[in-house]
2 protein chains.
Amino acid sequence: MTPTRLMLRLYFGELMLGPGKADLLAGIAEEGSISAAGRRMGMSYKRAWMLVEAMNAGFAEPLVESARGGAKGGGAALTEVGQTVLAAYRALEAKLREAGADELATIGALVRCDMSDGK
Amino acid sequence: MTPTRLMLRLYFGELMLGPGKADLLAGIAEEGSISAAGRRMGMSYKRAWMLVEAMNAGFAEPLVESARGGAKGGGAALTEVGQTVLAAYRALEAKLREAGADELATIGALVRCDMSDGK
DNA sequence: CACTGTTATGTCCGACGAAACATATCGAGC
DNA sequence: GCTCGATATGTTTCGTCGGACATAACAGTG
């Protein structure tokens, strides 16, 4: 049974890094565009851009590099640092699941299995 | 340098378990009272109680056992399950820091060190 | 130079969550 | 049976966050 949908969120003072930002980074890396990445995950462009802004401001160097204008209107891509942070986050997720498998199983087994969600 | 104040938050569907609830559980275990635990961490009783209610509802069995009335007005304590969950959460935190030390250091080193917080 | 798609940014408003305030209940002890 | 301290629960207010909408800037292409 895998009822334990686990999400990892890191707080560094003001900056916080969680599944949302991580997925957004991944989406930008794949799509090459902030708006496309946001669209794909049902997020308004403004929200996506605000997340990017928060990340770029929160880290010493920008994670996302963007350009506007041009043939395709512009685009965005991960910087070296951005790729590093994303990879580290994914690795951290994996290690957490691996190293904490016992504890996660312990807690997960005690969670009420509410498959019958009323709404 | 340890600028990386890390917090771990787990999501199990509706239920979420993070530093706030974990600290509250620990406080209840120490103080023997929901209100005292909440007071100690600058939290209104209502909020503390709502967190307890959410946990008791979210897990298959209650984590906190409470009694009202009596000489001291009542009190609360962790159940067996509550102690287990708290211990597992603390262990998970420790394992995350241990197993993910490399990644945490990688990300932490890239975070803007904003000691000069404007407010 | 108009067109195009994306980045970049502002304003406005509703919804949601949290805090503040207000009670009600309970039960051992005096 | 009155008091006390803590649990238990409701109501109301308020601040904040996010979504909807609007607009400007940009640069390559035809």
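We name chains A, B, ... by the order of the sequence lines, and we start the count at 1 in each one.
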Exercise: identify the closest heavy-atom pair between L24(B) and A37(B): CD1-CB, 4.1 Å

Quick one: salt bridge (Lys or Arg N to Asp or Glu O under 4.0 Å) pairs with a partner in residues 41-57 of chain A, sequence neighbours left out? none

If you measure from CD on E14(B) to CZ on R112(A), what distance do you get to the nearest 0.5 Å? 12.5 Å

Excluding sequence neighbours, so at least two apart, what forms side-chain hydrogen bond (donor to acceptor under 3.5 Å, both in side chains) with R40(B)? E30(B), E31(B)

Qualifying salt bridge (Lys or Arg N to Asp or Glu O under 4.0 Å) pairs, either residue in residues 99-110 of chain A, two or more places apart: E103(A)-K95(B)

N/O donor-acceptor pair under 3.5 Å between K21(A) side chain and M16(A) backbone: yes

Hey, is the main chain of I107(B) close enough, under 3.5 Å, to the side chain of Y89(A) for a donor-acceptor pair? no

First locate atom CG of L92(A), then atom CG of L17(A), and finally report the distance between them rounded to the nearest 0.5 Å. 9.5 Å

Walk along DNA chain D from 5' to 3' and tell me the first and last nucleotide with an atom closer than 4.0 Å to a non-hydrogen atom of chain A. dG18(D) to dT29(D)

Five-pair end axes of the helix from dC1(C)-dG30(D) to dC30(C)-dG1(D) and the angle they enclose, rounded to 10°: 0°

In short, I34(A) meets A76(A) closest at the heavy-atom pair CG1-CB, 3.6 Å

Contacting residues from residues 28-35 of chain A, given that a heavy atom lies under 4.0 angstrom of DNA chain D: none

Out of L104(A), L8(A), L96(A), which residue meets the side-chain contact (heavy atoms from CB on, under 4.5 Å) rule with L10(B)? L104(A)

Listed by chain and number, what are the side-chain hydrogen bond (donor to acceptor under 3.5 Å, both in side chains) partners of S35(A), not counting sequence neighbours? S33(A), R39(A)

Look up atom CE in M50(B) and atom OH in Y45(B), then write down how far apart they are to the nearest 0.5 Å. 12.0 Å

What's touching nucleotides 23-30 of chain C from the protein side, N or O pairs under 3.5 Å?
unit_1: dC26(C); atom_1: O2; unit_2: G69(B); atom_2: N; d: 2.9
unit_1: dG27(C); atom_1: O4'; unit_2: G70(B); atom_2: N; d: 3.2
unit_1: dG27(C); atom_1: N2; unit_2: G70(B); atom_2: O; d: 3.1
unit_1: dG27(C); atom_1: N3; unit_2: G70(B); atom_2: N; d: 3.2
unit_1: dA28(C); atom_1: O4'; unit_2: A71(B); atom_2: N; d: 3.2

For residues 55-67 of chain A, which side-chain N or O atoms pair as donor and acceptor with protein atoms under 3.5 Å away, sequence neighbours left out?
unit_1: N56(A); atom_1: OD1; unit_2: L63(A); atom_2: N; d: 2.7
unit_1: N56(A); atom_1: OD1; unit_2: V64(A); atom_2: N; d: 3.1
unit_1: N56(A); atom_1: ND2; unit_2: V64(A); atom_2: O; d: 3.3

Tell me which residues in residues 36-59 of chain B put a heavy atom below 4.0 Å from DNA chain C, sorted by number, or none. K46(B), R47(B)

Quick note, side-chain hydrogen bond (donor to acceptor under 3.5 Å, both in side chains) partners involving residues 67-86 of chain B, not counting sequence neighbours, are none

For R90(A), enumerate each residue passing the side-chain hydrogen bond (donor to acceptor under 3.5 Å, both in side chains) test, keeping only those at least two apart in sequence or located in another chain. D23(A), E93(A)

